[in-house]
Amino acid sequence: MLELALTHRSFSYEAGGIPTNERLEFLGDSVLGLVVTDELYKRFPDLDESRLSPLRSGVVNMRALAQIARDLKLGEYLRIGKGEEATNGRDKNSILADSLEALVGAIYLQHNYPKTAEIVLKWITPALDSVSTLGAALDGKTALQEMASTLNLPSPEYEINESGPDHDKSFIAVAIVGGEKFPSGDGKSKREAEQAAAKLAYEVLNNRSKNK
């Protein structure tokens, strides 16, 4: 099960079409979403769906999941093809995030939901705490908008770039405030990438304002 969770499709193509981690990734994505949704529901009892949904996106996104995978050194154990190996596939956000989801799926199948939730919560607690610090009522884009207003800066704008085939697109967003570009955020959708970029820009501006 663990070997399957770590088998990327690029390895499968070169190995004659052996099973990949994509089915486990599909399952793990839903399990991960449920764990995070359940935790946010409990943490923020006064927020409605329109506020909880972007908070969830702020916790479960490609960049955040890839960072967890790096912390676990998951990239060292991936089975990837020679092409991906040559292009640093072991450290690609998309491959790491997908593999982490597959690992969650494998844990769920072997240990059921309660144990899986316990493990996942250990991994995502820093991200959940960050969301709490950012403000329970604010998603990244709203937080950045309000920060810009507080600093008498123009409303944020976003540059979006996309890559990959139609069935597996990745998006990179850059937040621009007052002509200044901030670190890029990525995601599997434009909204997710914009939220990630907004959060990074917010953190920069917030730290800058505190140090004045």
Problem - Interatomic spacing from CD in Glu194 to CZ in Phe171 - rounded to 0.5 Å - result: 10.0 Å
Practice task
Mind listing the closest non-hydrogen atom pair of Arg63 and Gly185 along with its distance?
Solution key: NH2-CA, 3.5 Å
Handout entry: Transitive ILVMFWY side-chain link Val177 to Ile172, under 4.5 Å
Key = no
Fill in the blank from the handout: Nearest heavy-atom contact between Ala64 and Val59 is CB-O, 3.4 Å
Exercise for the section: Indicate whether any N or O donor in one side chain lies under 3.5 Å from an N or O acceptor in the other, for Asn61 and Arg191. Expected result: no
Exercise for the section: Could you grab the distance from atom CG of Leu205 to atom CZ of Phe182, nearest 0.5 Å is fine? Expected result: 4.0 Å
Exercise for the section: Evaluate the side-chain proximity of Lys199 to Gln195: yes if any heavy-atom separation is below 4.5 Å, no if none is. Expected result: no
Practice task
Indicate the atoms forming the closest heavy-atom contact of Asn93 with Ala66, along with that distance.
Solution key: OD1-CB, 3.4 Å
Problem - Residues Glu101, Asp98; criterion side chain to side chain contact (heavy atoms under 4.5 Å, CB included); working and verdict - result: CA-CA 5 Å; Glu101 289 175 341; Asp98 291 347; 3.9 Å; yes
Exercise for the section: Say whether Leu40 and Val35 are linked into one hydrophobic cluster, either directly or through other cluster members, by side-chain heavy-atom distances under 4.5 angstrom. Expected result: yes
Exercise for the section: Can you establish whether the number of heavy atoms outside Tyr113 located under 6.0 Å from its atom OH is more than 12? Expected result: yes
Exercise for the section: Could you check if a side-chain atom of Arg79 sits within less than 4.5 angstrom of a side-chain atom of Ile18, using non-hydrogen atoms only? Expected result: yes
Practice task
Under the side chain to side chain contact (heavy atoms under 4.5 Å, CB included) rule, what do Thr87 and Lys92 come out as? Steps first, then yes or no, please.
Solution key: CA-CA 9 Å; Thr87 57; Lys92 285 184 180 177; 3.4 Å; yes
Problem - Any Asp91 side-chain heavy atom under 4.5 Å of Arg70 side chain - result: yes
Fill in the blank from the handout: Closest heavy-atom pair, Gly33 versus Arg56, reported as atoms and distance to 0.1 Å, is O-CD, 4.2 Å
Problem - Leu144 vs Tyr158, side chain to side chain contact (heavy atoms under 4.5 Å, CB included): CA-CA, chis, key distance, verdict - result: CA-CA 12 Å; Leu144 181 59; Tyr158 298 89; 3.6 Å; yes
Practice task
Check whether any side-chain heavy atom of Leu96 lies under 4.5 Å from a side-chain heavy atom of Leu65, and answer yes or no.
Solution key: no
Practice task
Answer yes if Val104 and Leu74 sit in the same cluster of Ile, Leu, Val, Met, Phe, Trp and Tyr residues linked by side chain heavy atoms under 4.5 Å apart, and no otherwise.
Solution key: yes
Handout entry: Tyr108 to Thr116 - nearest heavy-atom pair and separation
Key = CA-OG1, 3.1 Å
Fill in the blank from the handout: What one should report as the nearest heavy-atom pair of Ala175 and Ala201 is CB-CB, 3.9 Å
Handout entry: Within 6.0 angstrom of Lys115 NZ, more than 12 heavy atoms from elsewhere
Key = no
Problem - Val31-Met62 co-clustered via ILVMFWY side chain contacts under 4.5 Å - result: no
Handout entry: Any donor-acceptor N/O pair, Thr125 side chain to Leu121 backbone, under 3.5 Å
Key = yes
Problem - Lys/Arg-Asp/Glu bridge criterion (N-O < 4.0 Å) met for Glu76, Arg90 - result: no
Practice task
Determine, for Arg9 against Glu25, whether the closest basic-nitrogen to carboxylate-oxygen distance falls under 4.0 angstrom.
Solution key: no
Problem - Approximate separation, where rounding is to 0.5 Å, of Leu24 CG and Leu4 CG - result: 4.5 Å
Problem - Point-to-point distance, once rounded to the nearest 0.5 Å, from CG of Asp186 to CG of Asn161 - result: 12.0 Å
Exercise for the section: Give a yes or no on whether Glu85 atom CD has more than 12 heavy-atom contacts from other residues, nucleotides or ligands under 6.0 Å away. Expected result: yes
Practice task
Look at Glu39 together with Lys42 and state whether they make a salt bridge at an N to O cut-off of under 4.0 Å.
Solution key: no
Practice task
Group every Ile, Leu, Val, Met, Phe, Trp and Tyr by side-chain heavy-atom contacts under 4.5 Å, then state whether Ile107 and Leu78 land in the same group.
Solution key: yes
Problem - Within 6.0 Å of CD in Glu180, more than 12 heavy atoms from elsewhere - result: yes
Handout entry: Main-chain N/O of Ser10 paired to Glu84 side chain as donor or acceptor, under 3.5 Å
Key = no
Practice task
Kindly say whether Thr7 contributes a backbone atom to a donor-acceptor pair with the side chain of Thr20 at under 3.5 angstrom?
Solution key: no
Fill in the blank from the handout: To the nearest 0.5 Å, atom CG of Asn21 lies from atom CG of Leu103 at 10.0 Å
Practice task
Check step by step if side chain to side chain contact (heavy atoms under 4.5 Å, CB included) holds for Val60 and Ile124.
Solution key: CA-CA 9 Å; Val60 185; Ile124 66 170; over 6 Å; no
Exercise for the section: Could you grab the distance from atom NE2 of His8 to atom CD of Glu22, nearest 0.5 Å is fine? Expected result: 7.0 Å
Handout entry: Student check: side-chain heavy atoms of Leu72 and Leu100 closer than 4.5 Å
Key = yes
